[in-house]
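Below: one structure, written as structure tokens.
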Amino acid sequence: MNKLLLLTTAIVALGLGPATVTLAQDKAIVIGTDVDAGTLDPRLTRDTTAYRAADLIYAGLVHLTSKLEAVPDLAESWESPDPQTYIFKLRPDLKFSDGSPLTADDVVYTYESVINPDFNAPDRALYSPISAIEAVDPQTVKFTLSAPYAPLLSYLDKGIVSKAAVEAGKDPATDPIGAGPMVLSAWNRGSDIVLKANPSYWGGAPEVTDVTVKIIGDNSARAQAFEAGDLDVIQSPLSPNDIARLKADDRFGNVITAGLGVTYINYNTKDPVLADPGMRQAFSMLIDQNSIVNDIYQGVDEIASSIILPSSWAYSPDIKQPTFSVEGAVAKFNELGWKDSDGDGILDKDGKKLTVTLSTHSEDPNRVQSVELTQALMQSAGVDAQVQITDWPSFSTNYVQKGLHQIALLGWLNIVDPDRLLFGQLSTGGSTNWGGYSNPEVDKLLQEGRSSLDQAARAKAYQAAATILASDLPYFIISDQGYQLFYKKPFPVEVQATPRGNFRGLIGMDE
Amino acid sequence: MAQLATSTVGAAIAVKDLEIRIRGDRGSYPVVADMALTVERGETLCIVGESGCGKSMTALSLLRLLPDAASASKGSIEINGEDFLAMPERRVEDLRGVEIAMIFQEPLTALNPVLTIGEQIAESVRRHKKLAHKAAMARAIETLQLVQMPDPARRAKQFPHELSGGQRQRAMIALALACDPKILVADEPTTALDVTVQAQILGLISDLQKRLGTALVLITHDLGVVAEVADRVVVMYAGRRVEEASVYDLFEHPIHPYTLGLMGAIPRPVAGRPATERLVDIAGTVPPPWDLPKGCAFAPRCPRASARCHEERPPLEEKRPGHFAACWEHVDA
Amino acid sequence: MLAYVIRRLLLLIPMAVGMIVVTFGLLLLVPGDPAAVLLGPEASPEMIANLRRTLGLDDPWYVRLGAYFWQLLHGDLGRSIFQSAPVSEIIGGRIGATIELAVVALLLATLIGVTLGVLAAVRQGSLIDTVTMLLAQLGVSMPVYWLGLLLMLGFAVQLNWLPAIGRGAPMLDAIVAALSGRPQVLWDSILHILLPALALAANSAAIISRLVRTSMLEVLREDFVRTAYAKGLRRPRVVVRHALRNALLPVLSVIGLRFGALLGGAVLVEMIFAWPGLGQLTFSAVSQRDLPLIQGIVLTFALIFALVNLVVDLLYALVDPRVRLG
Amino acid sequence: MPDTALLSVDDLQVHFPVRSGVFQRQSATVKAVDGVSFSIKRGETLSLVGESGCGKSTTGLALLGLVKPTGGRVRFDGAEIGSFRRRDLKDYRRRVQIVFQDPFSSLNPRRRVRDAIRVALDIHGVGSRAERDAEVAQLMARVGLRPDQADNFPHQFSGGQRQRIGIARALALKPDIIVCDEPVSALDVSVQAQILNLLADLQRDLGIAYLFISHDLGVVEHISHRVAVMYLGKIVEIAPKALLFAAPTHPYTTMLTRAAPTLDPRHRHSFSPSSDDVPSAINKPSGCPFHTRCPLATEVCKTTEPALTERPDGRLAACHHR
Amino acid sequence: MRIPKPLRNPSLVIGGLIILTLVFLAVFAPLLATHGVDQPDMRNRFSLPSEVHWLGTDNLGRDLWSRLIFGARISLSIGIISVTVAALIGTSVGLAAGYFGGWVDMLLMRITDVFLGFPAVVLTLAIVAVLGPGIVNISAAIIAVTWTEYARVVRATTLVLREQNYVQAAKALGASWPRILFMEILPNTLGPIIVLASLGLGTAVIIESALSFLGFGLPPPTPTWGWTLSYGTRFIRDEPWLSIIAGATIMVTVLGFNLLGDGLRDILDPRQLTRAK
């Protein structure tokens, strides 16, 4: 019967030609994305879509370029009289999209709510060094820090909300009023977010007048919709095989570059089997980076050699993690006393078998495949490796974040500064140090990296830390994630992609 | 009193040499054989017999309504001199309801549950008389009146389940009579009814037949019904006629041992002869149609059976004037 | 009749209460902390604890359940933890799409199922019958998401006849637009819904066709069909007017149950075709542990399910004069 | 009535509620059995006769506790059933048995005949397993079945044979009385004769009493000692067979006897073709329930219900006019 | 020589053969497998059928034939566990509700309503999330959404059966309710239950694959069909073979159970099921 149906549908469709209807000539684009925004309040954004939509609706003090440099946005200029003080000068005559003026008070209001613990802003930790924000005059804002905090500037692109509007009862989450290049015109939950150009943006209205952000959860479905012509732009996350195909298709343009994320192994250093760095080294030698990156991810990512992103100013090619070698791993295990004494094919020591659980979350099939592959390789080296796959909440909040894991495969995104990956996670007692890693020397280097304002000094500290981490291995970095963006040709404006995936480069705005 | 017709001239319906076969899991076998009937206008022929004797199959074959597995494999059914069995299906459809109509046993299942009585009768009228909807409805109500349905206009708007058993059977009769058929076949029309209602329906059928002059073929297992309405009677056993006579001859002088047994099994006086204290008990059961004995099908149960009966099937012969029986050892009256 | 409707609606209360309690109990046991999911991986334990307090997640279960019922009594479904909107608003924005999809799928399934079922029954034993029933068997045996992907691959990607994903204008709006001279809007909506509706309908169409065939064969053996032939009616009229009407009665009650199955299947289909309905929402709500939203969805499903079955029963009474509701 | 009665029923009532509305409150009552009294002596056959829906079968089922009586008393062998404890009730069940009308639904299609008959013995723990099997063989022989058919399933038997199995099952516990609920209505006349003969033989040999429920006056006349005529849940006349059939007192009894076909083509009835239906049990007529169909009905019949009173010849009848 | 009646039913024969083959493959999987089930070969991903890999290889270069026949064990185990328990629960509930009626019926039917009203996905996902993936736990989720079917059918059948004269006769003989329920009624509901169970096995296979598709299935590298199909659909564009063969395996299995169920329905009292609605 299905065949019959197919046939009838086919006939119907054939008679009426291609289904896609191109409507207007004015510059409108449709961007495909994987999740719906949870909120449009820039202070509360968690998901990428919310973040990117808010980036269009609102404007921050600074704007991060595709090279992650902070350039002026609402702020015209800034100065730092001492390492613990930043003073921003706002542009004159800034206006929110409702026509009301944007002043220093709005900036103060925005950041005060972000650092207020009861406001529950998800990235409050990034702003915790801020001890005070003051409006010096309607056009001047002063940030006072409790300690020197080098990464601060790259976090000050947070959109500024209108104090007056919020206090008048307008919820920025659903009813956003910002000073960004676009305004919200409709939000069909779960379906799309429709934005229109904002003529009152200080830089003038963008070239692209209409942006529709369409939500298509499944990566392959999104790619297919793009190929079918329903979308003008798609970007990471995408399935590697889709990427390979789209890349070869000359109907589409692409931007393929290094991203801001890593895929890594988190060893629980508190676990008796994994407490010894030697064990972690042995296990790391069982991770076939080449197969994972080139076969499973089909080369869209790069094989990582250390914890610092190659695109970062702190990168050094000299730092190396252990590389894949089953023999090497077995030798290392033997050296540490694990031998197959009973001939069952599983290594053992003091009568205990070498058993570990590898885990990841079910949402990302590539991670699942990587874990499957690694599990098989561990088996072949005599490790009784088990696999645990659960959905994200079970995996992250109930497992890894509680330090219940042994070897977990995870990713970390948006590493605009090395501090963002290292400080909270690998310093002793760090708020996200789920593997319980502790090394006083690393602690010292990370603190140094965060408080020094000299980039060369910071780079040196981070490289020193990375060198220790490459042999201590609380984390084993598998790959540096790539970033891919595909767009339909011809595209109404010049595409300027940023590895953060923000949309400003797609609407014809110069940096 | 009509003569027992051996000629079919003037008969409303004449069946000759009819055989009905069933093809099923057990192969192909006859359920009715050597069947012959003639019924004249105004005459009532009763076919009587016990379950499985082939009487209902015979009735259905008269309208060419046999179930898929069964078919009339031999013989002819002449209506107005035309062979019903040889006609194309469309012609048969044109004649059904007009020339020949049928009343079924269980009116609750024989009437469509989701259509009103009026709609069901009017449908037939519209089909054959080419009447418009309104006129057909009026005709339906008229027919309901004819069958003495109380409050016919209201009943016409009701559904079968809203009527009592007796009313339903009246509706069924009205449905059959709606286009003035010349031949009416009634298959056990009162079996599902209570005795007082049965009396009314029997009264109605014979009353209507007298008034309309229809030829009536009535199928029943109940000799009481036969005694009340029949002119002539055919007794069937195992797919064949075993005895045929006028109703008076049959009740007063039954000559086939099976007929005698049937009458003896009734716990009430038959034609004035009082019932015995102990009922006649025909031993054994009816043989299945796919496994009939070689000789007379009744022989294994027959108290009078001789060796010949087991070997040779007796033909239906005129044993007394106008009284036929198929028996080697029949009772001499 | 009215009393019957009221009684049926009242019976919804214990059902809803039961479902809330079961959902609540299950989600109490499900691992994964919505507060932690909400705040993301960069959040510190103190931040998570703080948010849990704010959301009332630390209250004892009976307090939370009581509060939920209390709120429900006031007609309030609560606020989603993850989406900054009231649950009723979120569901309200989605429900139309799912109902539209399910209704179109149901219509498709019924249309296809009844046509094929009748053909197969009337031509019992013929090639049509064999082929139809073979297709029906395949239809019920095919995992819906696999079929969905194959359809998408064939019609949207390879042939590029139909849009792969998403939804056009809501069907009602599209009809209005078409009536006011913009038929392409309706056309667009129809093109969008075809594939997902087809994927969703296949299974039900197969089930309905088999049921119609069985039911039809049974009805064709009924006495009243013989009566209809005895009246001299021609075959097509007997099949359509007498047999089909009666044969569809059992189908009707199955359609009610199928609607439930369609709503269930909608989750997968909506995910594949990016259909912005309750199904997608359900999956994301479950995978985010968004308790108030899940509760709202479950209640909505229960309500739809119960109402559809009530409507089916009422329809049944309407088309079958023998059925008395009381 | 003196205590010679094996079973006596006094003012038996079986009412079924008709529910409606939102909360399914009882809105009406179907009085299926509405104050029925009679008694049966040992070895006697009392017939309950009437048209469908008159409550005769319900009366039979109520006697066995298969439907719950709403009111009234049943005395068996001097003791009242209502007061029976479980143990006594089990004993009562041994002594009162039932044979059903439909030979198809009265046997479990998935159980062998042996098991169907033996189940009674199993329940009451009669004898050893071997003894019970022997008893089954005897019972089968007693009702005219070949004991070697014991391992067959019901579908392998004809209607008459199944009815014999049903009788064997009822006989297994050697009951004092068997309620025969239309036991021959579904059978062909020749088979009907076989079963009626069997029932007569069993009564003669075992002294079993029958409550014989039937709508067929011919059968009733044949088998009964006494006959009770029921109409809309009530007994309208009860009399010894000969008396009842020779000269019915109640107009309804007259109507019934006149409606039965004669079996004599030379003395046909002239049945009236006009319609005349039994009123529904939900909306029973006031006064005498029969007044709507009664040729003798007067005003008093519409208002006052006649009591069942004893007539000079010893019979009981409920009519104002006869 | 006459062919026995059941063997003349094509549904039954074809369905039976499919299922017998499947059971054979599952039982003897360790002997029939040509490769280790989780032996990746990254140089040989997505290879087409060959002499070495009869059905080709999957996304990690593992032998598909070996994985599918081992997967049959899992699918069948889940099917058998879930169907057995669901049938037991559903039958008990249906018997009790149908036979006792009154408030017992009312209560049980309200409970059934709760399960029927649940969107199946929410219930299964929540249960698997609570219990964690595992053969028994996934079976539990399937049971939760399928037992009502048995309850409904058995209840309806029981309602018909309890009015049968043989049940009345058993009561008249003084039989206790367990005796009536288990000796007189239950055997007559077995036909529909067996048919439902056969269809239910197919349903279980489909639900398991859907759970895997949604990421709630048994953890890899367990060679479940659901995972294989789920991966297959990810690569459907470029490597359609994997999804075709995995989808076809599931479809043929479900088809086998459905045909078997239909065949059984034909030979086991054909009217019983249609009556039970």
Side-chain angles (χ1 to χ4, degrees), chain A residues 1-6 9-10 13-14 16 18-21 35-36 38-41 44 46 117-118 120 122-126 171 173-174 188-192 214-218 220-222 224-225 227-230 363 390-394 396-399 401 410 412 420 424 431-432, chain C residues 31-34 36-45 47 50-51 54 82-85 90 93-94 97 112 116 132 135-136 138-139 142 147 151-152 154-157 159-167 184 188 191 194 198 202 205-206 209 271-274 276-277 280-281 287-289:
Chain A
M1 182 169 49
N2 291 313
K3 275 183 198 149
L4 201 70
L5 275 184
L6 284 183
T9 334
L14 198 61
L16 293 141
T20 38
V21 191
V35 290
D36 190 9
T39 174
L40 291 177
D41 186 335
L44 291 172
R46 301 172 295 274
D118 290 333
N120 289 314
D123 51 0
R124 178 166 62 89
L126 300 180
D171 186 354
T174 51
N188 305 305
R189 289 196 180 261
S191 176
D192 51 32
K214 238 184 159 63
I215 297 117
I216 302 164
D218 186 77
S220 295
R222 191 159 25 65
Q224 292 186 7
E227 287 177 276
D230 295 355
E363 283 84 351
T390 46
D391 73 341
W392 175 255
S394 303
S396 69
T397 73
N398 246 56
Y399 190 64
Q401 292 184 15
L410 287 154
W412 201 268
R420 198 154 175 182
S431 63
T432 50
Chain C
D33 178 358
V37 178
L38 182 70
L39 291 173
E42 291 188 330
S44 64
M47 285 168 68
N50 194 30
L51 181 60
T54 315
F82 279 78
Q83 302 191 35
S84 39
I90 297 172
R94 297 272 201 150
I112 298 166
L116 293 184
T132 306
L135 287 176
L138 291 180
M142 209 178 280
L147 175 65
L151 285 176
M152 185 193 279
F155 288 100
V157 180
L159 300 171
N160 202 16
W161 289 344
L162 294 167
I165 51 107
R167 182 188 186 206
Q184 74 276 12
D188 185 51
L191 291 178
L194 266 180
L198 211 55
S209 75
M271 286 183 57
I272 291 162
F273 289 96
Q280 276 195 347
L281 187 70
S287 50
Q288 289 173 325
R289 313 286 189 259

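Below, read A as the first sequence line, B as the second, and so on, with proteins coming before strands; counting in each chain starts at 1. Small disclaimer: the values here were computed from a predicted structure and weren't measured.
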Under 3.5 Å, is there a donor-acceptor pair between the side chain of A/N398 and the main chain of C/G32? yes

Test item: C/P45 and A/S431 side chains (from C-beta on) under 4.5 Å apart, heavy atoms: yes

Segment of C/S287 engaging chain A (4.5 angstrom heavy-atom cut-off): both

Looking only at heavy atoms and a cut-off of under 4.5 Å, which of C/R94, C/M271, C/Q280 has the most pairs with chain A? C/R94

Which answer fits A/T432, side chain, backbone, both or neither, if we ask what part of it has an atom under 4.5 Å from a heavy atom of chain C? side chain

salt_bridge(C/R289, A/D391) N-O dist < 4.0 Å: yes

Which answer fits A/R124, side chain, backbone, both or neither, if we ask what part of it has an atom under 4.5 Å from a heavy atom of chain C? both

Heavy-atom pairs under 4.5 Å with chain C are the metric here; pick the option from A/G424, A/A225, A/A125, A/S396 that has the most. A/A225

pair A/P122-A/L44: side-chain heavy atoms closer than 4.5 Å: yes

Does the side chain of A/Y399 come within less than 4.5 Å of C/P31's, by heavy atoms? no

Can you tell me which portion of A/I215 sits under 4.5 Å from chain C's heavy atoms? Options are side chain, backbone, both or neither. backbone

Roughly how far apart are C/Q288 CD and C/L38 CG, rounded to 0.5 Å? 8.5 Å

Contacting region of C/L281 [heavy-atom separation from chain A under 4.5 Å]: neither

Where the side chain of A/T397 meets the backbone of C/V37, is there a donor-acceptor pair that is under 3.5 Å apart? no

A/Q224 portion near chain C, given a 4.5 angstrom heavy-atom threshold: both

Given that the side chain runs from C-beta out, which part of A/D118 has a heavy atom under 4.5 Å from chain C: side chain, backbone, both or neither? both

